[in-house]
J.: 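This is the structure I have questions about; it appears just below.
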2 protein chains.
Amino acid sequence: MHKLYLMTRSEENYIKTIFHLGRKGTQEVATNAIAELMETKPSSVTDMIKKLSEKNLVNYKRYQGVSLTSLGTKTALGIIRKHRLWEVFLVEKLDFSWDEVHEVAEQLEHIKSDKLIDSLDRLLAFPKFDPHGDPIPDKNGGFKERDRDLLSEVPINTVGVCVGVKDSSATFLKFLDKNGIALGNQIRVKEREEFDGSLNIEIDGRNLQISHVIAANLYIKTNDEI
Amino acid sequence: MHKLYLMTRSEENYIKTIFHLGRKGTQEVATNAIAELMETKPSSVTDMIKKLSEKNLVNYKRYQGVSLTSLGTKTALGIIRKHRLWEVFLVEKLDFSWDEVHEVAEQLEHIKSDKLIDSLDRLLAFPKFDPHGDPIPDKNGGFKERDRDLLSEVPINTVGVCVGVKDSSATFLKFLDKNGIALGNQIRVKEREEFDGSLNIEIDGRNLQISHVIAANLYIKTNDEI
DNA sequence: ACAAATTTTTAGATTTGCCTAAAATTTAAT
DNA sequence: ATTAAATTTTAGGCAAATCTAAAAATTTGT
Ligand SMILES: [Mn+2]
Ligand SMILES: [Mn+2]
Ligand SMILES: [Mn+2]
Ligand SMILES: [Mn+2]
């Protein structure tokens, strides 16, 4: 049953938004939240939700919020897979920087062709994570969230590798570039300033002072796996 | 003046169709011809032509047909450049066959990003022709039509290289595959049957009998350049 | 508990791209 | 030169996706 292939771009964007807002679609999402993230009006969201509900992509009872059905979740994962594979492609093959890829991937994620996306996957050697450290669902929607922690929440002296960003806005990513912070960097948390939560870290040898806001948007994978 | 970037997919498809029907937009194109090629109704075409005329993309006087303005031509060349570069990408990097690329390229040609297309161009080493032998406009719309002849129209004993197809439908392309005819093949016209216009050719060593219809859809570049 | 504030839905418009049916214009045929 | 045929445009409508304004339902605060 592949209705997936006759979805409009707009429908796909709503499904994706509901997925992201509702912890992978499991949680109920508020109409207003969707409207805000999509920069549209709540009344438009209600209209679309009804349509998606007709198509069995979301569970909906008026005034009760919306969540994805299993078909909706599958659809969302397909779009996210495409988005993230294209992001990898742009960085690996076309030398885009990680702050430039999202906008273009927003367009490319709507291209319909299974063969295209599976070939792309192969060309890129089946990457597991996108340039921002987010996991790439496989062909069947399989998804393994990497075990990771926010830099702002690990204890002093934790050592690990920077594996992702929480905020992946161009502004934040460019800031990281400017300060020489990139995925793969070795990080050690040396000191936490109680007053403002800022951190003194050692990153690939250098010392660096970063604010709490920055630390709260950087993921590390610690070495203390058992 | 880059209105180009706020064109809808539908507008782009009309512009492209007018370009193809009107010998690169120079000739006047009939409403019905556009409608037929785009599988839409003449009344819809008239509506769109008015809109494109407003935007200075076409020259239009009612009942007199339509042609591209210089802005329209530039736009068309940009879309065709994208279409053909994506076709090369699909064949060269993703192992698509030449009969599979067109459909996907029809989608990809509407992705908006100068950086994307110029990087793609570089990745592919600035190809001059697409998988069907059609020329790829450069960044500035520069376009050199290759000197070539239809196999059906060259004299007996002409020798050349197969450099393109006129009909690039999947059906025809698959037929060529089945008969081992591909771009780059060395061809010599050995005999022309007066009765039905069929040809006896030598192609990369082998002998092959091809109907007039086939010959009339294959381009060769002869070796008799001065 | 119940009024006030917030959220969500409905009702009614708008825009884009398409349609059908009918009218206007051009082209072809006698 | 008229008439007939074909082409093209207009008029009026429809579906998708959006909006504003108003009504309905839920949540919050005292
Ligand atoms: Mn992204
Ligand atoms: Mn990403
Ligand atoms: Mn093509
Ligand atoms: Mn082509």
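Here is how names work: the chains are called A, B, and so on, in the same order as the sequence lines, proteins then strands, and each is numbered from 1.
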J.: Could you tell me whether A:T46 contacts a base, only the sugar-phosphate backbone, or nothing, with contacts defined as non-hydrogen atoms closer than 4.0 Å?
T.: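 The answer is base, as A:T46 lies within the cut-off (heavy atoms under 4.0 Å) of a base atom.
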J.: If I take atom CD in residue B:E11 and atom P in nucleotide C:dT15, what distance separates them, rounded to the nearest angstrom?
T.: 16 Å
J.: Apply side-chain hydrogen bond (donor to acceptor under 3.5 Å, both in side chains) to B:S53 and list each qualifying residue two or more places apart in sequence or on a separate chain.
T.: none
J.: Please report, rounded to the nearest Å, how far the P atom of D:dT8 is from the CD atom of B:E28.
T.: 12 Å
J.: Without decimals, in angstroms, what is the distance between A:Y60 OH and D:dA25 P?
T.: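 In whole Å, D:dA25 P lies 12 Å from A:Y60 OH.
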J.: May I ask you to evaluate whether B:T31 reaches the phosphate of D:dT9, defined as a side-chain N or O under 4.0 Å from OP1 or OP2?
T.: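 Yes, B:T31 has a side-chain N/O under 4.0 Å of OP1/OP2 on D:dT9.
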J.: Output the rounded distance in Å from CE (A:M48) to P (C:dT8).
T.: 18 Å
J.: Should A:E11 and A:K55 be marked as a salt bridge (charged side-chain N to carboxylate O under 4.0 Å, His left out) after you check the CA-CA gap, both sets of side-chain angles, and the distance that decides it?
T.: CA-CA 10 Å; A:E11 286 171 340; A:K55 295 192 175 192; 3.0 Å; yes
J.: When you measure from the side-chain N and O atoms of A:Y14 to the phosphate of D:dA16, is any distance below 4.0 Å, counting only OP1 and OP2?
T.: no
J.: How long is the line joining CD1 of A:I49 and C1' of C:dT7, in whole Å?
T.: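 Distance check: A:I49 CD1 to C:dT7 C1' gives 12 Å.
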J.: Does A:Y63 place a side-chain N or O at less than 4.0 Å from the phosphate oxygens OP1/OP2 of D:dA23?
T.: no
J.: Please tell me if A:R9 has a side-chain N or O lying less than 4.0 Å from either OP1 or OP2 of D:dA16.
T.: no
J.: Using a 4.0 Å heavy-atom cut-off, does A:K50 contact any base of the nucleic acid, only the sugar-phosphate backbone, or nothing at all?
T.: sugar-phosphate
J.: So, B:R84 side chain and B:P135 main chain: donor-acceptor pair closer than 3.5 Å or not?
T.: yes
J.: For the side chain of A:D167 and the backbone of A:S169, is there at least one donor-acceptor N/O pair under 3.5 Å apart?
T.: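 Yes.
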J.: In whole angstrom, what separates A:K61's NZ from D:dA24's C1'?
T.: 19 Å
J.: Tell me: CG of B:D47 to P of D:dA11, nearest whole Å?
T.: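 Going from B:D47 (CG) to D:dA11 (P), I get 11 Å.
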J.: Using a 4.5 Å cut-off on heavy atoms from C-beta on, say whether the side chain of A:I136 contacts that of A:E87.
T.: no
J.: What is the distance from CD1 of A:I34 to C1' of C:dT9, rounded to the nearest Å?
T.: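 Roughly 14 Å, once rounded to whole Å.
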J.: Among the nucleotides C:dT10, C:dT26, C:dT25, which one has an atom lying closest to any side-chain atom of A:R62?
T.: C:dT10
J.: If you measure only the distance, is there a donor-acceptor pair under 3.5 Å linking the side chains of A:T69 and A:N56?
T.: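 Looking only at side-chain atoms, A:N56 and A:T69 do not form any donor-acceptor pair under 3.5 Å.
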J.: Can you see if the side chain of A:N32 gets near the phosphate of C:dT8 - specifically, an N or O under 4.0 Å from OP1 or OP2?
T.: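 Checking A:N32 against C:dT8: at least one side-chain N or O falls below 4.0 Å of OP1 or OP2.
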J.: Could you identify which residues of residues 36-44 of chain B place a heavy atom less than 4.0 Å from some atom of DNA chain C, listed by residue number, or say none?
T.: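 Close to the strand are B:T40, B:K41, B:S43, B:S44.
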J.: Among pairs that include at least one residue of residues 87-120 of chain B, which meet ring-ring contact (aromatic ring centres under 6.0 Å, His included), considering only residues two or more places apart or in two chains?
T.: A:F89-B:F89, B:H83-B:H102, B:W86-B:F89
